[in-house]
2 protein chains.
Amino acid sequence: MVLAHMWRHRFKGDVFRWTLTRKAILDLLSSTLKHMSAQEIYDTLLKSYPGIGLSTIYRNLDLLSRMGLVNRLNIGEGKSRYEYRSSEEKAHHHLICTNCGKIIDYSDFLDEELDLVGKIEKKLARKYNFIVKDHNIDFCGLCKDCR
Amino acid sequence: MVLAHMWRHRFKGDVFRWTLTRKAILDLLSSTLKHMSAQEIYDTLLKSYPGIGLSTIYRNLDLLSRMGLVNRLNIGEGKSRYEYRSSEEKAHHHLICTNCGKIIDYSDFLDEELDLVGKIEKKLARKYNFIVKDHNIDFCGLCKDCR
DNA sequence: GTTATTAATGAAAATGATTGTCATTATGAT
DNA sequence: ATCATAATGACAATCATTTTCATTAATAAC
């Protein structure tokens with residue numbers, strides 16, 4: 001069956017349906033290292049799924065990100081980029097080149113980082129009565145090609 | 001003289017001129033705790049500076065941010081927000097409520113954070129041959145009113 | 001399998017933030 | 001005061017994203 005997939009079970013019941021477009025987006029994002037914009041995802045999928053619509057891509061990226069299956073990134077380009085969020089894969093942070101826009105994922109030093117992050121989260125929660133759900137850490141600068 | 005100001009010396013030479021709009025934006029941003037959008041800045045300044053143009057606000061926010069006098073923030077609303085960047089004032093990070101969009105600046109734990117950040121920057125620079133210019137750390141979640 | 005319900009879709013229009021154009025104005029060096 | 005040109009305001013243009021609406025397709029119930 002074409003639609004059988006590891007994400008299938010997240011779309012049970014009559015609330016969200018498991019569609020070809022959703023599978024296509026997840027397949028694409030989970031198999032690339034790129035951080036793609038909605039337009040790039042659309043351009044890519046159009047080749048294998050002629051007739052697909054850009055608004056459908058937007059609607060699904062929104063849904064998938066609300067479901068926690070993809071992350072929406074914002075590196076100040078005036079548009080969002082998306083990356084697959086695997087449950088097993090270790091978290092990572094970003095290194096962003098302000099010249100060419102390249103995004104490097106890194107997970108070195110993560111233990112130390114996450115240690116501190118955890119500590120900070122606890123303290124912030126107490127001091128500001130804030131429930132921390134997520135965090136972003138990124139470094140901006142010039143990559144090896146642009147320095 | 002109306003235009004005399006602490007930022008004046010940054011606009012020396014015939015490259016950048018010191019204008020009323022630039023003073024107005026810096027005055028506004030340096031005296032508020034809010035993280036204002038271009039439109040909000042425009043709406044506010046229009047009261048005291050009738051005839052001011054929205055594109056002028058955009059052009060100047062861009063210039064001031066390139067000069068390092070203001071920070072451009074992106075919390076995924078589809079628009080930028082701006083904050084004054086004082087040289088003396090200690091750096092701070094952000095706590096963002098994903099429900100109401102409130103942004104809380106915090107500078108607790110900064111020593112520990114900046115310590116680690118410095119360490120990571122050095123290692124990343126070596127490993128990825130990347131020149132780190134800046135970093136962002138923010139926590140997302142629910143503020144005390146939205147939890 | 002057939003059918004009924006309604007979520008999902010594609011196309012196109014609408015929106016909202018930001019950028020570009022251009023004629024006019026105003027700053028700062030002389 | 002004069003001059004070169006940076007900065008401005010008005011408005012058009014662009015780009016990402018959202019909305020609308022008639023049609024299609026996924027799933028549950030039969």
Side-chain angles (χ1 to χ4, degrees), chain A residues 1-5 7-26 35-43 45-46 48-67 69-70 72-82 101, chain B residues 1-5 7-26 35-43 45-46 48-67 69-70 72-82 101:
Chain A
M1 194 230 253
V2 182
L3 288 182
H5 239 279
W7 303 292
R8 186 73 179 77
H9 72 282
R10 295 290 302 272
F11 294 83
K12 272 289 163 54
D14 204 26
V15 191
F16 300 135
R17 293 172 181 177
W18 178 240
T19 68
L20 206 54
T21 314
R22 284 167 194 179
K23 173 183 181 304
I25 293 174
L26 287 167
H35 304 77
M36 304 180 82
S37 66
Q39 183 71 50
E40 285 168 355
I41 294 169
Y42 171 69
D43 292 342
L45 292 185
L46 198 54
S48 349
Y49 303 85
I52 204 171
L54 179 56
S55 34
T56 301
I57 302 290
Y58 273 106
R59 277 185 292 239
N60 282 314
L61 285 171
D62 181 57
L63 175 68
L64 295 174
S65 112
R66 280 186 288 113
M67 290 177 73
L69 288 169
V70 311
R72 182 195 307 259
L73 306 180
N74 234 151
I75 62 167
E77 296 172 301
K79 69 183 160 200
S80 295
R81 292 187 172 274
Y82 301 85
Chain B
M1 194 230 251
V2 183
L3 288 182
H5 240 280
W7 303 292
R8 186 74 179 75
H9 72 282
R10 295 291 302 272
F11 295 82
K12 270 289 162 53
D14 204 26
V15 191
F16 299 135
R17 292 175 180 174
W18 179 238
T19 68
L20 205 55
T21 314
R22 284 167 193 178
K23 174 184 182 303
I25 292 173
L26 286 167
H35 304 78
M36 303 180 83
S37 66
Q39 182 71 51
E40 285 169 355
I41 293 170
Y42 171 69
D43 291 342
L45 292 184
L46 198 53
S48 349
Y49 303 85
I52 204 171
L54 179 57
S55 31
T56 301
I57 302 289
Y58 272 105
R59 277 186 294 241
N60 282 315
L61 286 171
D62 181 57
L63 175 68
L64 296 174
S65 113
R66 280 186 288 113
M67 292 176 72
L69 288 169
V70 311
R72 183 195 306 259
L73 307 181
N74 234 151
I75 61 167
E77 296 172 301
K79 68 184 162 201
S80 295
R81 294 188 171 273
Y82 301 84

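Residue numbers start from 1 in every chain, and the chains themselves are labelled A, B, ... in the order their sequence lines are given, proteins ahead of strands.
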Practice task
Respond yes when some side-chain nitrogen or oxygen of A:R17 is under 4.0 Å from OP1 or OP2 of C:dT6, and no when none is.
Solution key: no
Fill in the blank from the handout: The side-chain hydrogen bond (donor to acceptor under 3.5 Å, both in side chains) partners of B:N60 (sequence neighbours excluded) come to B:R22
Practice task
Could you state the atom-to-atom distance from CG of A:L63 to P of D:dT19 in whole Å?
Solution key: 15 Å
Problem - Phosphate OP1/OP2 of D:dT8: any B:T21 side-chain N/O under 4.0 Å - result: yes
Handout entry: Listed partners of B:D62 passing salt bridge (Lys or Arg N to Asp or Glu O under 4.0 Å), at least two apart
Key = B:R66, B:R72
Problem - Short side-chain N/O contact from B:Y58 to OP1 or OP2 of C:dT19, under 4.0 Å - result: no
Practice task
Nearest-nucleotide wise, let me know which of B:V15 and B:R59 is further upstream toward the 5' end of DNA chain D.
Solution key: B:V15
Handout entry: Relative orientation of the end axes in the helix from C:dG1-D:dC30 to C:dT30-D:dA1, expressed as an angle to the nearest 10° (five pairs per end)
Key = 50°
Handout entry: Rounded interatomic separation in angstrom, taking OH from B:Y49 and C1' from D:dA10
Key = 21 Å
Problem - Point-to-point distance, once rounded to the nearest 0.5 Å, from CH2 of A:W18 to CZ of A:R10 - result: 10.5 Å
Practice task
Could you state the atom-to-atom distance from CG of B:L61 to P of C:dT18 in whole Å?
Solution key: 9 Å
Problem - Spatial distance of atom CH2 (B:W7) from atom CD1 (B:I25) [nearest 0.5 Å] - result: 11.0 Å
Problem - Under 4.0 angstrom between B:S55 side-chain N/O and C:dT18 OP1 or OP2 - result: no
Problem - From D:dT17, C:dG28, C:dG10, nucleotide with atom closest to B:W18 side chain - result: C:dG28
Practice task
Describe, in one word, how the ring planes of B:F16 and B:F11 are oriented to each other, choosing from parallel (under 30°), tilted (30 to 60°) and perpendicular (over 60°).
Solution key: perpendicular
Exercise for the section: Scan A:N60 against the nucleic acid and name what it touches under 4.0 Å (heavy atoms): base, sugar-phosphate only, or nothing. Expected result: sugar-phosphate
Problem - Atom pair distance, as rounded to whole Å: CD1 in B:I57 and P in D:dA7 - result: 15 Å
Exercise for the section: Rounded off to whole Å, could you give me the CG-to-P distance for the B:D62 and C:dA17 pair? Expected result: 18 Å
Completion exercise
Note: contacts of residues 74-82 of chain B with DNA chain C (heavy atom, under 4.0 Å) are B:G78, B:K79, B:S80
Problem - 5'-most by nearest nucleotide on DNA chain C - B:K12 or B:R72 - result: B:R72
Handout entry: Reported CG-to-CZ distance for the pair A:L61 and A:R81, which is rounded to 0.5 angstrom
Key = 12.5 Å
Handout entry: Beyond-backbone contact of B:L26 with B:H5, side-chain heavy atoms, under 4.5 angstrom
Key = no
Fill in the blank from the handout: In whole angstroms, the gap separating P of C:dA8 from CZ of A:R66 amounts to 10 Å
Handout entry: Given DNA chain C, 5'-ward residue of the pair B:L54 and B:F16, judged by closest heavy atom
Key = B:L54
Problem - Any residue meeting salt bridge (Lys or Arg N to Asp or Glu O under 4.0 Å) with A:R17, in chain and number order, not counting sequence neighbours - result: A:D14
Completion exercise
In whole angstroms, the gap separating P of C:dG28 from CZ of B:R22 amounts to 10 Å
Problem - All salt bridge (Lys or Arg N to Asp or Glu O under 4.0 Å) counterparts of B:R59, not counting sequence neighbours - result: none
Exercise for the section: Using only side-chain N and O atoms of A:T56, determine if any of them is under 4.0 Å from OP1 or OP2 of C:dG10. Expected result: yes
Problem - side-chain N/O B:S37 vs C:dA17 OP1/OP2, d < 4.0 Å - result: no
Exercise for the section: Applying side chain to side chain contact (heavy atoms under 4.5 Å, CB included), run through A:Y42 and A:Y58 and close with a yes or a no. Expected result: CA-CA 9 Å; A:Y42 171 69; A:Y58 273 106; over 6 Å; no
Fill in the blank from the handout: Here the distance between atom C1' of D:dA28 and atom CZ of A:F11, to the nearest Å, is 18 Å
